[in-house]
Amino acid sequence: MMPDGTVEHASGKGSQDENFPVGSLLIAAPLRRHVHTFYRFARNADDVADATDLTAEEKLRRLDRMADVLNGAEGPDAPAAAMMRVSLRECAIDPIHCHELLDAFRQDATKTRYADWGELMDYCRLSAAPVGRYLLDLHGESRDTWPASDALCAALQVINHLQDCAKDFLKIDRVYIPADWMAEDGTGIEDLRRPAATPGLRRTLDRAVAATRPLVEQARRLPGGVKDRGLRAESAIIVALAERLLQRLDREDPLAKRVKLGPAAIAMAAAGGIFRSFLGGRS
Ligand SMILES: CC(C)=CCC/C(C)=C/CC/C(C)=C/COP(=O)(O)OP(=O)(O)O
């Protein structure tokens with residue numbers, strides 16, 4: 001347990017450390033606190049899964065406890081899950097998205113290697129797609145938007161894995177890069193310790209970038225299907241950010257330096273996203 005008696009874990013990482021602005025001003029004011037509640041729930045569960053001072057068994061116990069509280073158990077030791085339950089009930093949203101996230105974090109607690117792209121996509125279905133689906137449900141959007149949203153979220157998750165590939169291996173011994181690609185490209189996880197990508201690892205990174213492009217392509221359909229103006233603009237901005245980050249990962253080496261967007265690139269992506277969302281929007 002944490003010193004304050006809770007099973008949840010807080011790394012101190014805040015929404016400002018995220019690539020993507022899930023709680024932004026574009027979200028309608030009455031919904032913003034629910035997005036923050038969701039963010040805090042997900043962040044706490046993620047921090048349990050990534051903790052370096054807990055055994056896998058203890059992580060699973062805590063995540064199970066968060067699930068129980070989400071299902072209605074008394075939850076003084078899991079306040080983020082307790083708040084999430086109240087928020088979901090208030091908004092009449094299916095708790096499945098939160099349970100799927102907990103499944104992803106349970107997987108993180110026990111699975112440290114990914115055999116192929118299919119395994120990675122299955123992981124993204126649990127770790128990333130529920131974020132988009134939750135936001136869409138919160139705004140009362142049609143479930144027809146889910147395929148494009150799932151593709152966007154999977155792309156964002158893979159981008160995040162590529163940005164953090166060295167850190168994830170060195171800090172938490174987790175490698176999301178498909179092992180079959182690394183073997184075929186004549187590289188291996190030990191190459192993630194190097195200060196720069198070897199030619200073999202670069203080939204694998206190139207494959208991952210290439211496999212992510214069609215996901216971003218599919219995600220371009222999302223804004224046009226979203227009725228809420230703010231969420232439509234937000235999703236268009238996020239698609240634009242994903243496109244730019246993918247371009248960066250194509251050219252830059254995530255082992256040599258953190259591949260991220262500067263303020264100018266973010267502003268350009270935001271402007272382009274908003275512009276496109278108004279061109280393609282319906283309301
Ligand atoms: C409908 C709609 C707008 C959908 C988009 C929803 C969205 C922002 C999904 C994010 C998915 C995800 C796990 C990304 C990693 O983020 P990160 O790089 O910030 O992760 P980290 O901080 O945990 O490393």
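Position 1 is the first residue of the sequence, and the numbers go up from there.
- Between Arg125 and Asp122, none of the side-chain N atoms (NZ, or NE/NH1/NH2) sits under 4.0 Å from a carboxylate O, so this pair counts as no salt bridge.
- Counted within 6.0 Å of CD on Glu190, heavy atoms from surrounding residues, nucleotides or ligands total more than 12; the atom is thus considered enclosed.
- Atom CE of Met268 has 12 or fewer heavy atoms from other residues, nucleotides or ligands within 6.0 Å.
- Side-chain N or O atoms of Arg232 include one that pairs as donor or acceptor with a backbone N or O of Val226 at under 3.5 Å.
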Trace of the side chain to side chain contact (heavy atoms under 4.5 Å, CB included) decision for Leu241 with Leu261: CA-CA 8 Å; Leu241 290 172; Leu261 300 179; 3.6 Å; yes
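- Phe105 and Met83 are assigned to two separate hydrophobic clusters, defined by single-linkage of ILVMFWY side chains at heavy-atom distances under 4.5 Å.
- When the shell of 6.0 Å around NZ of Lys111 is examined, it contains more than 12 heavy atoms from other residues, nucleotides or ligands.
- Side-chain contact between Met84 and Val69 is absent, with no heavy-atom pair separated by less than 4.5 Å.
- A 4.5 Å side-chain heavy-atom check between Val216 and Arg213 finds every atom pair outside the cut-off.
- We find that Glu8 and Arg65 are not joined by a salt bridge, their nearest charged nitrogen and carboxylate oxygen being 4.0 Å or further apart.
- Salt-bridge check for Lys59 with Asp64: failed, with every basic side-chain N at 4.0 Å or more from each acidic carboxylate O.
- A salt bridge links Asp137 with Arg143: the distance from a Lys NZ or Arg NE/NH1/NH2 to an Asp or Glu carboxylate oxygen falls below 4.0 Å.
- Within the 4.5 Å cutoff, the side chain of Asp50 has heavy atoms near those of the Asp46 side chain.
- Thr6 and Asp77 are not linked by any side-chain donor-acceptor pair at a separation below 3.5 angstrom, with hydrogens and angles left out of the test.
- Residues Cys91 and Leu138 form a side-chain contact, since some pair of their non-hydrogen atoms from C-beta on lies under 4.5 Å apart.
- Within the 4.5 Å cutoff, the side chain of Leu26 has no heavy atoms near those of the Leu231 side chain.
- Between Leu205 and Ala197, the shortest heavy-atom contact is CD1-CB, 4.4 Å.
- The distance from atom CZ of Arg202 to atom CG of Leu255, rounded to the nearest 0.5 Å, is 9.5 Å.
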Derivation and outcome, side chain to side chain contact (heavy atoms under 4.5 Å, CB included), residues Thr55 and Glu58: CA-CA 5 Å; Thr55 63; Glu58 178 60 14; 3.4 Å; yes
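- Within the model, atoms CD1 of Ile238 and CG of Leu245 stand 11.5 Å from one another, a figure rounded to the nearest 0.5 Å.
- Between the Glu119 side chain and the Tyr114 main chain, no donor and acceptor come within less than 3.5 Å of each other.
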Full working for side chain to side chain contact (heavy atoms under 4.5 Å, CB included) between Leu102 and Leu70: CA-CA 10 Å; Leu102 290 175; Leu70 203 55; 4.2 Å; yes
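- Side-chain contact between Ile177 and Met182 is present, with heavy atoms from C-beta onward closer than 4.5 Å.
- Both Trp146 and Leu88 belong to a single network of hydrophobic side chains, linked directly or stepwise wherever heavy atoms of I, L, V, M, F, W or Y lie under 4.5 Å apart.
- The CG atom of Leu156 sits 9.5 Å away from atom SG of Cys124, with the distance rounded to the nearest 0.5 Å.
- Between Tyr123 and His161, the distance separating the two ring centers is shorter than 6.0 angstrom.
- Here the straight-line distance linking atom CG of Leu31 with atom CG of Asp228 works out to 7.5 Å at 0.5 Å rounding.
- Using cut-offs of 30° and 60° on the angle between ring planes, the pair Tyr134 and Phe38 is parallel.
- Here the OG1 atom belonging to Thr212 is positioned 13.0 Å from the CD atom belonging to Glu217, to the nearest 0.5 angstrom.
- Here the closest heavy-atom approach between residue Asp253 and residue Ala196 is recorded as OD2-CA, 3.3 Å.
- Contact detail for His139 and Ile27: the closest heavy-atom pair is CE1-CD1, 3.9 Å.
- Of all non-hydrogen atoms in Leu215 and Ala154, the two that sit nearest each other are CD1-CB, 4.1 Å.
- Using a 3.5 Å distance cut-off with no hydrogens or angles, the side chains of Asp191 and Thr198 do pair a donor with an acceptor.
- If you chain together hydrophobic residues whose side chains sit under 4.5 Å apart, Ile159 and Ile266 fall into the same group.
- Put simply, the side chain of Asp185 never gets that close to the backbone of Thr187: no donor and acceptor are under 3.5 Å apart.
- Distance alone, capped at 3.5 Å, is enough to place a donor-acceptor pair between the Arg62 side chain and the Val7 backbone.
- Arg85 contributes atom CZ, which lies 11.5 Å from atom OG of Ser87 (distance to the nearest 0.5 angstrom).
- By the 4.0 Å N-to-carboxylate-O rule, Arg33 lies close enough to Glu90 to be salt-bridged with it.
- Arg207 has its side chain out of reach of Trp117: every pair of non-hydrogen atoms, C-beta onward, lies at least 4.5 Å apart.
- A salt bridge does not link Glu184 with Arg203: none of the charged nitrogens is closer than 4.0 Å to a carboxylate oxygen.
- Distance alone, capped at 3.5 Å, is enough to place a donor-acceptor pair between the Arg174 side chain and the Asp108 backbone.
- The minimum heavy-atom distance between Ala269 and Arg244, with the atom names listed, is CB-CD, 3.8 Å.
- A salt bridge links Arg113 with Asp173: at least one charged nitrogen is closer than 4.0 Å to a carboxylate oxygen.
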Working for side chain to side chain contact (heavy atoms under 4.5 Å, CB included), residues Lys171 and Thr52: CA-CA 8 Å; Lys171 284 205 170 161; Thr52 51; 5.7 Å; no
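- Looking at heavy atoms from C-beta onward, Gln157 lies in side-chain contact with Ser127 at the 4.5 angstrom threshold.
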